[in-house]
Asker: 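Starting off with a structure, shown below.
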Amino acid sequence: MAESSRITARDGVRADARRNRERVLVAARAVFAEHGIDAPMATVARRAGVGVATLYRHFPTRDALVRGAFAQQMETCARALTEALAAPDPWQGFQHLVETVCALQREERGFPAAFVAAFPETASEHARSRRRAERDFTTLVRRAQASGALRADFHPSDLAVVLLAHCGLATALPDDGAASRRLVAYLLQSFRTDPANGPLPPPAALALRSLPMAPDGPQGQRPSRA
């Protein structure tokens, strides 16, 4: 007798429920790429071919849906930061981290907004993770500067400038991987210590949580939740 599509898996999740969840995640990434992370939940449900009630059973809040949609990408970023800190050469670790995050921006157009602003500050677990990541990145910057490879006036907030600049390119030229890689290479070269480089202006007052990464809306503002 053929197994029912509703059979319960070892982890207690029915096969059809698992398929619905995966359809929702695929649809969410596509919708967020097209309309930003504030796109209506009903739009995601329609794209997935499920009812809104089904979507909310799996993801009761927008933040839960965004976390689920980009969980793998967030894990990739966290792993890249861990590897960067463990690298024997701090500059190589720094370079690997910047290249990894920018590659994710290029490959997942909805990811930049999720990376910098998807989660509420009241979510204590995420707030702790964000603070830990910011501390670890600052540690990486200081190590690379102490090694003499990273220019002394690089500021941790400059990563926000890099992501904002690269996001603009990736949004304008979503299929041009060569342009993306060339921009990242230019930026990384400019961060290297070089006696010929003059001092930089003061760092911008930017933080990852405040960047205007949404693809729509005037002056980079996040679109309204229609």
Side-chain angles (χ1 to χ4, degrees), residues 29-30 32-37 70 72-81 83-85 87 89-118 133-134 136-138 140-145 147-222:
R29 285 191 289 271
F32 292 155
E34 296 171 8
H35 305 293
I37 60 172
F70 295 107
Q72 182 177 349
Q73 290 79 6
M74 295 298 285
E75 289 172 5
T76 298
C77 287
R79 185 168 58 252
L81 181 53
E83 292 171 350
L85 285 169
D89 183 340
W91 170 257
Q92 292 297 325
F94 176 87
Q95 178 176 308
H96 171 66
L97 177 65
V98 172
E99 290 175 342
T100 298
V101 175
C102 287
L104 287 172
Q105 280 190 314
R106 183 176 68 248
E107 295 163 6
E108 293 282 358
R109 287 188 293 142
F111 178 66
F115 180 69
V116 301
E134 290 173 345
D136 287 347
F137 180 67
T138 298
L140 177 63
V141 167
R142 290 172 178 168
R143 288 179 182 176
Q145 288 171 330
S147 74
L150 179 64
R151 56 188 303 157
D153 53 358
F154 180 92
H155 190 273
S157 68
D158 290 336
L159 177 62
V161 177
V162 170
L163 297 179
L164 186 59
H166 183 263
C167 182
L169 175 66
T171 300
L173 302 172
D175 300 318
D176 195 337
S180 166
R181 288 185 290 272
R182 190 170 179 85
L183 173 63
V184 173
Y186 271 130
L187 292 172
L188 285 169
Q189 285 186 18
S190 73
F191 297 152
R192 291 297 301 262
T193 299
D194 187 338
N197 290 333
L200 292 171
L206 290 174
L208 293 179
R209 66 177 63 89
S210 64
L211 290 189
M213 289 293 194
D216 301 313
Q219 298 180 351
Q221 296 176 357
R222 292 174 67 171

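Remember, predicted model here, so these are calculated numbers, not experimental data.
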Asker: Please round to the nearest 0.5 Å and tell me the distance separating atom CD of Gln73 and atom OG1 of Thr100.
Answerer: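 Reported to 0.5 Å precision, the distance equals 12.5 Å.
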
Asker: Report the residues that fulfil side-chain contact (heavy atoms from CB on, under 4.5 Å) with Ala165, sequence neighbours left out, ordered by chain and then residue number.
Answerer: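 With sequence neighbours excluded, Ala165 shows a side-chain contact (heavy atoms from CB on, under 4.5 Å) to no residue whatsoever.
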
Asker: Under a 4.5 Å cut-off applied to non-hydrogen side-chain atoms, are Val161 and Ser157 in contact?
Answerer: no

Asker: Excluding sequence neighbours, so at least two apart, what forms side-chain hydrogen bond (donor to acceptor under 3.5 Å, both in side chains) with Arg79?
Answerer: none

Asker: Once rounded to the nearest 0.5 Å, what's the spacing between atom CG of Leu164 and atom CG of Leu159?
Answerer: 11.0 Å

Asker: Does Glu83 have any side-chain hydrogen bond (donor to acceptor under 3.5 Å, both in side chains) partners at least two apart in sequence or in another chain, and if so, which?
Answerer: His96

Asker: Quick one: does Leu85's side chain get under 4.5 Å of Arg143's, heavy atoms only?
Answerer: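 Leu85 reaches Arg143 side chain to side chain.
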
Asker: Under 3.5 Å, is there a donor-acceptor pair between the side chain of Gln95 and the main chain of Leu188?
Answerer: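 Not at all, since once roles are kept as given, no pair shorter than 3.5 Å links the two residues.
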
Asker: CE of Met74 to CG of Leu104: how many Å apart, nearest 0.5 Å?
Answerer: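 Result: 10.0 Å between the selected atoms.
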
Asker: How close do Gly148 and Thr193 get, heavy atom to heavy atom, and via which atoms?
Answerer: O-OG1, 3.0 Å

Asker: For Ala172, which residues count as a side-chain contact (heavy atoms from CB on, under 4.5 Å) partner, sequence neighbours excluded?
Answerer: none

Asker: Side chains of Val98 and Phe191: does their closest heavy-atom pair fall under 4.5 Å?
Answerer: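 Val98 does not reach Phe191 side chain to side chain.
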
Asker: Partners of Ala149 by side-chain contact (heavy atoms from CB on, under 4.5 Å), sequence neighbours excluded?
Answerer: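 Here the qualifying residues are Trp91, Ser147, Arg192.
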
Asker: Please give me the minimum heavy-atom distance between Pro174 and Thr171, naming the atom from each residue.
Answerer: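 That would be CD-O, 3.6 Å.
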
Asker: Using the test side-chain hydrogen bond (donor to acceptor under 3.5 Å, both in side chains), find all partners of Gln145 that sit at least two apart in sequence or belong to another chain.
Answerer: none

Asker: What class does the angle between the rings of Phe94 and Phe137 fall in, given that below 30° is parallel, 30 to 60° is tilted and above 60° is perpendicular?
Answerer: parallel

Asker: Locate the shortest heavy-atom distance separating Leu81 from Ala133; write the atom from each residue and the value.
Answerer: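 Where Leu81 meets Ala133 most closely, the heavy atoms are CD2-O, 3.7 Å.
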
Asker: With sequence neighbours left out, what residues match Ser180 under side-chain hydrogen bond (donor to acceptor under 3.5 Å, both in side chains)?
Answerer: Arg106, His166

Asker: Is there a side-chain contact between Asp136 and Leu140 in this structure, where contact means two heavy atoms from C-beta onward sitting under 4.5 Å apart?
Answerer: no

Asker: With Leu183, which of Val162, Asp176, Leu169, Leu173 fulfils side-chain contact (heavy atoms from CB on, under 4.5 Å)?
Answerer: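 Answer to the side-chain contact (heavy atoms from CB on, under 4.5 Å) test with Leu183 among Val162, Asp176, Leu169, Leu173: Leu169.
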
